[in-house]
**Q** 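One structure coming up, written as structure tokens, with questions to follow.
All chains are named by letter (A, B, ...) in the order of the sequence lines, taking the proteins before the strands, and each is independently numbered beginning at 1. Hydrogens, waters and symmetry mates are skipped; everything else that's a heavy atom, side chains included, is used.
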Number of protein chains: 2
Amino acid sequence: MNEAVVLTPERILEATEDVLRRFGLTKATVVDVARALDVSHGSVYRHFPSKASLRDAVAKRWLDRANEPLCKLAAGDGPAPERLEQWLRTAFTIKQKKVCDDPEMFATYLALAQGAREVVEAYKDKQVDLIAKILSDGVAQGVFEIDNVKATARAVFDATVRYHHPAHAEEWAKPECPSRIDALIALLLRGVRVCKH
Amino acid sequence: MNEAVVLTPERILEATEDVLRRFGLTKATVVDVARALDVSHGSVYRHFPSKASLRDAVAKRWLDRANEPLCKLAAGDGPAPERLEQWLRTAFTIKQKKVCDDPEMFATYLALAQGAREVVEAYKDKQVDLIAKILSDGVAQGVFEIDNVKATARAVFDATVRYHHPAHAEEWAKPECPSRIDALIALLLRGVRVCKH
DNA sequence: TGTCTGACAGATATTGAAATCTGTCAGCGA
DNA sequence: TCGCTGACAGATTTCAATATCTGTCAGACA
């Protein structure tokens, strides 16, 4: 093999995603991943101590990729209410798009995430931090009135669970969904805004 | 058999709940139910056209029983904000208690409900109606300011999904749960209240 | 006449033997 | 020396034969 491309965790993750896409979570084996990379499966264990850790790493990659646009939005500096609304709508849209575009792959990643509890927990905490960022910006701008920013960010996250938690994914395609999202966002915005007279 | 107790749907439902409690959903069969009632399984089909319809009926009974206290609360006539808070807390407590008291039975009913989509849909609509009742009471009392009561009731229901939808049941026992519920309820109440100065 | 029974056909679930997979490691080759 | 291989043991999954269940119905029984 002259093209002696070194076997890196990155390449293994790439190959694992491929294998998952082709075979699905239940059928994908470490042997398959090794075969895709043209190495023995023992080599894979040189970089990941177990199949579970490999799966966790794939889950993390996936979640991080999905989170990117939301980080950008939170880091922005427009008026907070618009930004919060935009952030929530983007969060919903990202998930919804994933489900619609490739339901099978989404199911795969969902099952994957179920096993990667710690990774998911960290991801959720990050989401809450992003919301908190926007909320505190709003307080600084004098448009939000919030006792406890951190707790309220968590409450906003909890309140929107229905539209970003995959357990509710099958409801996202329903026709009444958009108007329900509108009502929910309006309610939450009213809950954080300063009283205007 | 001198004690010729007639075979009624009610008795069959009773026996079915017993069988479910003893064997669990996966093991419970129509034959088991018939045996518990000391009749042939053919007789059961005289009252329920299929095993699925029998399961649906059990699910409906269960949901209706769970809903009773909430109906009473919604029908009350105290100040709406307190009543809304009480209603939400009761809704959470009922579910939480079921999970803690008998997780196995809860899992059984959960699986049961997954198959009884129509029944569950009707149950949810009823919940939203109860919330709407309290909200419109609040508007009448001049303490709530709401554009669209029905849509807002739906939004309140959606926002609290995390604490009444069984998909999130495993999170209900966490120690940070109560304070997160407090924050969520506070946020929602602020979202419907009239501005006070 | 109307309810219940019990045998039946097709569908579904169980089981255990065989195949495959995971994770380890001694040793090969560069 | 260091990364990789490939054979291995124990765990897990598959598969097909077997058993059980669902839903029907002709006829018993009251």
**Q** Work out which heavy atom in B:D137 is nearest to a heavy atom in B:G76; give both atom names and the distance.
**A** OD2-O, 4.2 Å

**Q** Classify the angle between the aromatic ring planes of B:F106 and B:W62 as parallel (below 30°), tilted (30 to 60°) or perpendicular (above 60°).
**A** perpendicular

**Q** Below 4.0 Å from chain B heavy atoms, what is the first contacting nucleotide of DNA chain D and what is the last?
**A** D:dC21 to D:dT24

**Q** Kindly say whether the aromatic ring centers of B:H168 and A:H168 come within a distance under 6.0 Å.
**A** yes

**Q** Is the shortest side-chain heavy-atom distance between B:T152 and B:D147 below 4.5 Å?
**A** no

**Q** Using a cut-off of less than 4.0 Å, is there contact between a side-chain N or O of B:S43 and OP1 or OP2 of C:dC4?
**A** no

**Q** Would you name the heavy atoms of A:I94 and A:A66 that are closest together and state the gap between them?
**A** CD1-O, 3.5 Å

**Q** If hydrophobic residues (ILVMFWY) are linked whenever their side-chain heavy atoms come closer than 4.5 Å, directly or via other members, who joins A:V161 in its cluster?
**A** B:V161

**Q** Which atom pairs link the protein and nucleotides 27-30 of chain C when you take only N or O atoms and keep those under 3.5 Å?
**A**
none

**Q** Using every non-hydrogen atom in the two residues, find where B:K133 and B:A74 come nearest and quote the distance to one decimal.
**A** NZ-O, 3.3 Å

**Q** State, with a plain yes or no, whether a side-chain heavy atom of A:R180 is found less than 4.5 Å away from one of A:R162.
**A** yes

**Q** Who passes ring-ring contact (aromatic ring centres under 6.0 Å, His included) against A:F92, sequence neighbours left out?
**A** A:Y163

**Q** Show each protein N/O and nucleotides 11-21 of chain C N/O combination with a separation under 3.5 Å, one pair to a line.
**A**
{"residue": "C:dT14", "atom": "OP1", "partner": "B:K27", "partner atom": "NZ", "Å": "3.1"}

**Q** Using a side-chain heavy atom cutoff under 4.5 Å and only I, L, V, M, F, W and Y, what cluster partners does B:V31 have?
**A** none

**Q** In this structure, how many angstroms lie between the P atom of C:dC4 and the CZ atom of B:F48, rounded?
**A** 13 Å

